Amino acid sequence: VGLFRKMSDDQLLILDIQNVRGADRVEDQSAALGQRLQQQMALGIVPQRLKVANTLHHIPDGLLIEDPPVIQCHFQLKPLLYQAAEELHVPYIQNGSLVCAFGAEEEPHIDVLFQRGLENGISGMSVISGEQARQLEPNLSDAVTKALLIPSAGIISPYDLAIAAVGNAMDNGVTFKRNFHVVRIEKNDLFAVTSANGETVEGKYLVNCAGGYSDKVAAMAGDPSFTVIPRAGEYMLLDKLEGGRVGHTLFQCPTAAGKGILVSPTVDGTVIVGPTAEDILDKDDKATTFEGLENVKAGAKRTYPALP
């Protein structure tokens, strides 16, 4: 869970989680919810192969949600995240995004995304032509024939946000334990979680935020119902000399595998492109590959031909 905030009774609590269990019963079996929310988020990390794509470099646009009544909490995410960024002094930019179609075959999907965005409560969207998109982004490929403009989308510093969230939590009484390798979970009146060095902590609720290893942690807590297959994503972070050449976050039409290769400015004045998406076996494999980065470069040039 990224941030705990005081909210009024009519506000929705934002949870980016995989499992929440009560000591005496399952409170919320929400692996599917976590997976759907994670699909809305793109990594903001320099070239490393990462396993769980849920850092908040790009603020979700709400377009890939297929069952809005089930996950209404998503709709409050953008304004709350902007508000939290301001309160925690985390840099962010509401730069907007463009989802780009390349040719007549992809154009109907833009209309589908537009309708889905309306159903998910996203305001201010518009469908524009390729020429109108290039008026907003002069370096956009001539192959783009149609685009969905989402002015409410934004970018944020994932590093600053994570550090600020931890500091804010500690200021409010949270104890932060590093290198706490969980080896055993027992459940009686309370959950008892034991680390490899023998330390045990207890609590009424256990929130599983173990990323690629969340399946192992869940199994220790008595829930072996899912397996995490790690998916590696490689990014390229361009030199600041490229900063300013792109203003919006540029997405390609999404598929079942994700949103394709994006091109986006960062709050630090650079440009980030990526990611790849490759299922791998080793959850600890953080290597980058020449082939992967070449695929990132080729995919990004489809949207941004001037990429060096």
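Hydrogens, waters and symmetry mates are skipped; everything else that's a heavy atom, side chains included, is used. Keep in mind it's a predicted model, so treat the numbers as computed, not measured. Position 1 is the first residue of the sequence; numbering continues from there.
The shortest side-chain heavy-atom distance between L98 and I128 falls under the 4.5 Å cut-off. In this structure, R134 and D142 have side chains that are in contact, with non-hydrogen atoms separated by less than 4.5 Å. Between V166 and M170, the closest side-chain pair of non-hydrogen atoms falls below 4.5 Å. Contact annotation: the side chain of L118 approaches that of M125 to within less than 4.5 Å [non-hydrogen atoms, C-beta and beyond]. At a threshold of 4.5 Å between non-hydrogen side-chain atoms, the residues V193 and S195 do not count as touching. At least one side-chain heavy atom of D111 sits less than 4.5 Å from a side-chain heavy atom of V127. Within the 4.5 Å cutoff, the side chain of I110 has heavy atoms near those of the C253 side chain. Looking at P308 and L241, their side chains never come closer than 4.5 Å, going by heavy atoms from C-beta outward.
Other residues, nucleotides and ligands contribute more than 12 heavy atoms inside 6.0 Å of the CD atom of Q94. Annotation for E199: atom CD counts as buried by contact number, over 12 foreign heavy atoms lying within 6.0 Å.
A cation-pi arrangement is present between R302 and F102 under the rule of less than 6.0 angstrom and at most 45 degrees off the ring axis.
At distances below 3.5 Å, at least one donor-acceptor pair connects side-chain atoms of N120 with backbone N or O atoms of R116. Panel note: side chain R184, backbone M220; no donor-acceptor pair is recorded below 3.5 Å. Judged by distance alone, with hydrogens and angles left aside, the side-chain atoms of N95 form a donor-acceptor pair with the main-chain N or O of G247 at under 3.5 Å. Counting only distance, with no hydrogens or angles, the side chain of N172 and the backbone of V174 share no donor-acceptor pair below 3.5 Å. At distances below 3.5 Å, at least one donor-acceptor pair connects side-chain atoms of D223 with backbone N or O atoms of S225. A distance-only check finds no donor-acceptor pair linking the side chain of S141 to the backbone of T303 [under 3.5 Å]. Side-chain N or O atoms of E137 include one that pairs as donor or acceptor with a backbone N or O of H248 at under 3.5 Å.
The nearest pair of heavy atoms linking S214 to V228 is OG-CG2, 3.6 Å. Counting all heavy atoms, side chain and backbone alike, A85 lies closest to Y92 at CB-CD2, 3.5 Å. In terms of heavy atoms, E234 sits closest to V296 at O-CG2, 3.1 Å. Taking each heavy atom of V99 and Q252 in turn, the nearest pair found is CG1-O, 4.0 Å. Of all heavy-atom pairs spanning P305 and L140, the tightest one is CD-C, 4.4 Å. Residue T200 comes nearest to A192 through the heavy atom pair CG2-CB, 4.0 Å, listed as atom of the first residue, atom of the second, then distance.
N197 CG to N179 CG: the interatomic distance, rounded to the nearest 0.5 Å, is 9.5 Å. To the nearest 0.5 angstrom, M236 atom CE is 6.5 Å from L307 atom CG. Put simply, NZ on K286 and OG1 on T288 are 13.0 Å apart, with the number rounded to the nearest 0.5 Å. Within the model, atoms CG of L113 and CZ of F251 stand 11.0 Å from one another, a figure rounded to the nearest 0.5 Å. Here Q115 contributes atom CD and L148 contributes atom CG; the two are 11.5 Å apart, rounded to the nearest 0.5 Å. The CG atom of L136 lies 10.5 Å from the CD atom of E131; values are rounded to the nearest 0.5 Å.
V267 and I163 end up in different hydrophobic clusters when Ile, Leu, Val, Met, Phe, Trp and Tyr side chains are linked at under 4.5 Å. Note on V217 and V183: separate hydrophobic clusters, where clusters join Ile, Leu, Val, Met, Phe, Trp and Tyr whose side-chain heavy atoms are under 4.5 Å apart, directly or indirectly. Both F180 and L206 are assigned to one and the same hydrophobic cluster, defined by single-linkage of ILVMFWY side chains at heavy-atom distances under 4.5 Å.
In this structure, a donor-acceptor pair under 3.5 Å is absent between the side chains of D268 and T270. Checked by atom type, the side-chain pair S264/T249 shows a donor-acceptor distance below 3.5 Å. With hydrogens and angles left out, the side-chain atoms of Y213 and D284 include a donor and acceptor closer than 3.5 Å.
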Checklist entry - Could you go step by step and tell me if K301 and I261 meet the side-chain contact (heavy atoms from CB on, under 4.5 Å) rule? => result CA-CA 9 Å; K301 282 196 170 189; I261 302 295; over 6 Å; no
Checklist entry - So I280 and D282, side-chain contact (heavy atoms from CB on, under 4.5 Å) or not? Walk me through it. => result CA-CA 6 Å; I280 59 176; D282 183 1; 5.5 Å; no
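Shown are I155, I150, L262; of these, the side-chain contact (heavy atoms from CB on, under 4.5 Å) with S97 is made only by I150.
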